[in-house]
There are 2 protein chains.
Amino acid sequence: MTFEQMWADLAPVGRSDATGGYLRQPFTAAEEEAQAWFAAECARRDLTVVTDAFGNHVAWWGSPTPDDRGVLTGSHLDSVRQGGAYDGPLGVVSAFAAVDLLRSRGFEPSRPIGIASFREEEGSRFPLACLGSRLATGILAWDDARELRDRDGVALADVVPGPDARPDAAGWLDHVGAFVELHVEQGRALADVDRPVGVASMIWPHGRYRLDFTGRPDHAGTTRMEDRHDPMLTYAMTVLAANKQARLSGQRATFGRVEVDPGSTNGIPGRVTGWLDARAESPEALEALVDAIARQAGDRADRDGTAVRLTAESVSGAVSFDAALARRLAEPRGWPVLPTQAGHDAGILSGAGVPTAMLFVRNPTGVSHSPEEHAPVEDCLAGVEALADVLEDLAR
Amino acid sequence: MTFEQMWADLAPVGRSDATGGYLRQPFTAAEEEAQAWFAAECARRDLTVVTDAFGNHVAWWGSPTPDDRGVLTGSHLDSVRQGGAYDGPLGVVSAFAAVDLLRSRGFEPSRPIGIASFREEEGSRFPLACLGSRLATGILAWDDARELRDRDGVALADVVPGPDARPDAAGWLDHVGAFVELHVEQGRALADVDRPVGVASMIWPHGRYRLDFTGRPDHAGTTRMEDRHDPMLTYAMTVLAANKQARLSGQRATFGRVEVDPGSTNGIPGRVTGWLDARAESPEALEALVDAIARQAGDRADRDGTAVRLTAESVSGAVSFDAALARRLAEPRGWPVLPTQAGHDAGILSGAGVPTAMLFVRNPTGVSHSPEEHAPVEDCLAGVEALADVLEDLAR
């Protein structure tokens, strides 16, 4: 079973014929089909699968214990809405291919090697990214998660058993001595330096903020332009200001979601709510970025006769991956070490104290979370070999 | 039954306790309750009610025929979502009060006088304003309307019988010799000239346009600002350009509705769709306004690496009300004659060839389509007297 065969088997699962985008929301039919593929690949290799109370699967080559901890790799199989083929699956397929490569080398690990399939990494159904790994590590308490609901009102507790039903909720975590996640790069840093594989140094701090712009609902025809209190104008100016501010400072700011009340074509809105995704190279830079955006939004609100209120919905500090581990992997092989602006299960496990590293595979266009996301097969195979080398290094 | 008593009876129907706004979407419980109030007021005055195949009610004092046509007044009882108390109901309540005043004066009309309650004037449930009057006049064909659906997927044909079930679909129209609609002003023109009542000269041309901005969906964290093709930026710039263009030219332009795909906080959108409501004093001015907005949107799209496509969803030309009738009503009484930027059933009946006039009642703030919409009771009573005078003039 080659990398290419596995890739071809998994590729059609949850792919929209209309757009070519993936719709693998966790615990829906398409994503369950991907998990069934995972189970079949584990069975083919005689791996022992553990499924925890949150739906995460961990498959072991060998039998780890708290005193003989294993080296875990893997990633996730869920996608954002209309996402691409590589984000998540590349790490899982590469894990199987790396195990095959180690076995073909005749390698006999002195520590168990595991492959994880985490659930709801993208936060595309329940509104929190890395949900499975947050719950497994205890970084998120079950009582704060069980009532999380999807757009149809289904609660997380309706789709996973949770620790009440499964007292040993995520006991597999005590068996993990190190975690290495391979992931398609979501930018062009490796393309810029012309290298197929790199190692992550850190994850940028990241915040999600809700901005409520309020004005006065009014008639779109009869209200003179100069008499309006139109929050859509304040929103629009804030979108442009956020973009400019992020560009000038080398950080990131995005408005990807907006809601309008009442949302009538023929009415000036009473309220516009926009969500700001902001990321920066340090907590200080993130704070400065958001402060600058909020200040410009407030200035424009004064001019528009509107009001704006900013609420931080979630703010994550920087994640620094295990520096010694990154050096150990990168230096002998001459791999570049680079930061990422995206959240990952690896960031959660690192935050929970597991020595963690990430490998990135080159993405020529840098496009991500899109049907156009792509990595050439030669680079994917280089990634498999890199991952096999790392696992051999750590499980020797 | 005084104006104030009727106003107090109708005021709570469909009003939200939370916001004070009205939710009288047509053919829902709240609006049906308002129609039941209408029927009771008709019965109290021994008016003969005709209900047509589209749900419109017309109540007659007297018995009109095609050879002895009546003078029709009235308005509508439905509201925009979270609308105000006056838009529509003021014309209906004033009509009953005017009939009472005529009777108390001992006036015996030589032509029948009717009171109309049109349905779905606001287009707040089915996506077309003046739906009842458009269907009654035949300006909109039933076959083009029967499949119009509300947000829950209910078709118009599910809630009204339509002409298949009722061959004499809107025969009452042949009994109408003139229509006079009284309406709260939706701007401040009467307040500016300090007059309680005015007469409409025309309705401005009005268009609704859908603008589809397309870019490239991408990751909100990892995509460098300079690598993006973000249609939200093009949308935002277009909102600001439309506002500025309308301000400079003395016209109107509004973005009150926007939809984002995929609409994720952590993703650069692939598509943003905004709806432009534009109105101007002439068809030429409207075309110039929309052209200028489209040109600026296109220029910005070039800079953003996005594309924009503008689709006219509906464009209505100017409505000129019967000039002789407006002069006959306004000149002897010294009422100001002014244009309006809002659509009305009166515009539809005028377009269908019915000699039509509109009376406006002063709105001190000009606020409309909002819970804050208001007219002082003295002005409302002046409106009742003006309407009674007009009906007496026309039915003498």
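We name chains A, B, ... by the order of the sequence lines, and we start the count at 1 in each one.
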>> Can you tell me how the ring of A:H369 sits relative to the ring of B:H219, calling it parallel under 30°, perpendicular over 60° and tilted otherwise?
In response: tilted
> Is it the side chain or the backbone of B:R224 that comes within 4.5 Å of chain A heavy atoms, both, or neither?
Replying inline: both
> By a 4.5 Å heavy-atom criterion (distance strictly below it), what part of A:R252 contacts chain B: side chain, backbone, both, or neither?
Replying inline: both
> Parallel, tilted or perpendicular for B:Y86 and B:H374, by the 30°/60° rule?
Replying inline: perpendicular
>> For the residue pair A:E313 / A:W275, report whether a side-chain donor-acceptor contact shorter than 3.5 Å exists.
In response: yes
>> What I want to check is whether the side chains of B:H76 and B:D87 have a donor and an acceptor closer together than 3.5 Å.
In response: yes
> Checking B:R300 against chain A: side chain, backbone, both or neither under 4.5 Å from a heavy atom?
Replying inline: side chain
> B:P217, B:G21, B:A129: which one forms the most heavy-atom pairs within less than 4.5 Å of chain A?
Replying inline: B:P217
>> Taking every non-hydrogen pair under 4.5 Å, which of A:D192, A:T238, A:D230, A:V272 racks up the most with chain B?
In response: A:D192
> Looking at B:P231, B:G343, B:A253, which one has more heavy-atom pairs under 4.5 Å with chain A than the rest?
Replying inline: B:A253
>> So for B:R257, is it side chain, backbone, both, or neither that comes closer than 4.5 Å to the heavy atoms of chain A?
In response: both
>> As an exercise: rank B:T365, B:D277, B:T340, B:I268 by heavy-atom pairs under 4.5 Å with chain A and give me the winner.
In response: B:D277
> Hey, which of A:G250, A:G263, A:G84 has the most heavy atom pairs under 4.5 Å with chain B?
Replying inline: A:G263
> Among B:E259, B:E226, B:Q251, B:R216, who wins on heavy-atom pairs under 4.5 Å with chain A?
Replying inline: B:R216
>> With a 4.5 angstrom heavy-atom cut-off, is it the side chain or the backbone of B:V80 that approaches chain A, or both, or neither?
In response: neither
> Of the listed residues (A:P262, A:G187, A:A342), which shares the most heavy-atom pairs with chain B below a 4.5 Å separation?
Replying inline: A:A342
> Non-hydrogen atoms of chain B under 4.5 Å away: do they reach the side chain of A:R247, the backbone, both or neither?
Replying inline: both
> Between A:S370 and B:D218, is any side-chain donor less than 3.5 angstrom from a side-chain acceptor?
Replying inline: no
>> Any donor-acceptor pair under 3.5 Å linking the side-chain atoms of A:T222 with those of B:Q341?
In response: no
>> For B:T265, which atoms come within 4.5 Å of any heavy atom of chain A: side chain, backbone, both, or neither?
In response: both
> Which bit of B:E372 is near chain A, if near means a heavy-atom gap under 4.5 Å: side chain, backbone, both or neither?
Replying inline: side chain
> Out of B:R228, B:M237, B:R81, B:E122, which one racks up the most heavy-atom pairs below 4.5 Å with chain A?
Replying inline: B:R228
>> If the threshold is 4.0 Å, N to carboxylate O, is there a salt bridge linking B:R24 and B:D78?
In response: no
>> For A:S282 versus A:P205, what's the shortest heavy-atom pair and its separation?
In response: C-CG, 3.5 Å
> How about B:Q186 and B:S368: does a side-chain donor come under 3.5 Å of a side-chain acceptor?
Replying inline: yes
> Any sub-3.5 Å donor-acceptor pair from A:E185's side-chain atoms to A:A189's backbone N or O?
Replying inline: yes
>> Can you tell me which portion of B:N243 sits under 4.5 Å from chain A's heavy atoms? Options are side chain, backbone, both or neither.
In response: both
> With chain A, which of B:L240, B:D261, B:L276, B:V239 has the greatest number of heavy-atom pairs at distances under 4.5 Å?
Replying inline: B:L240
> Do A:T19 and A:Q82 have side-chain N/O donor and acceptor atoms under 3.5 Å apart?
Replying inline: yes
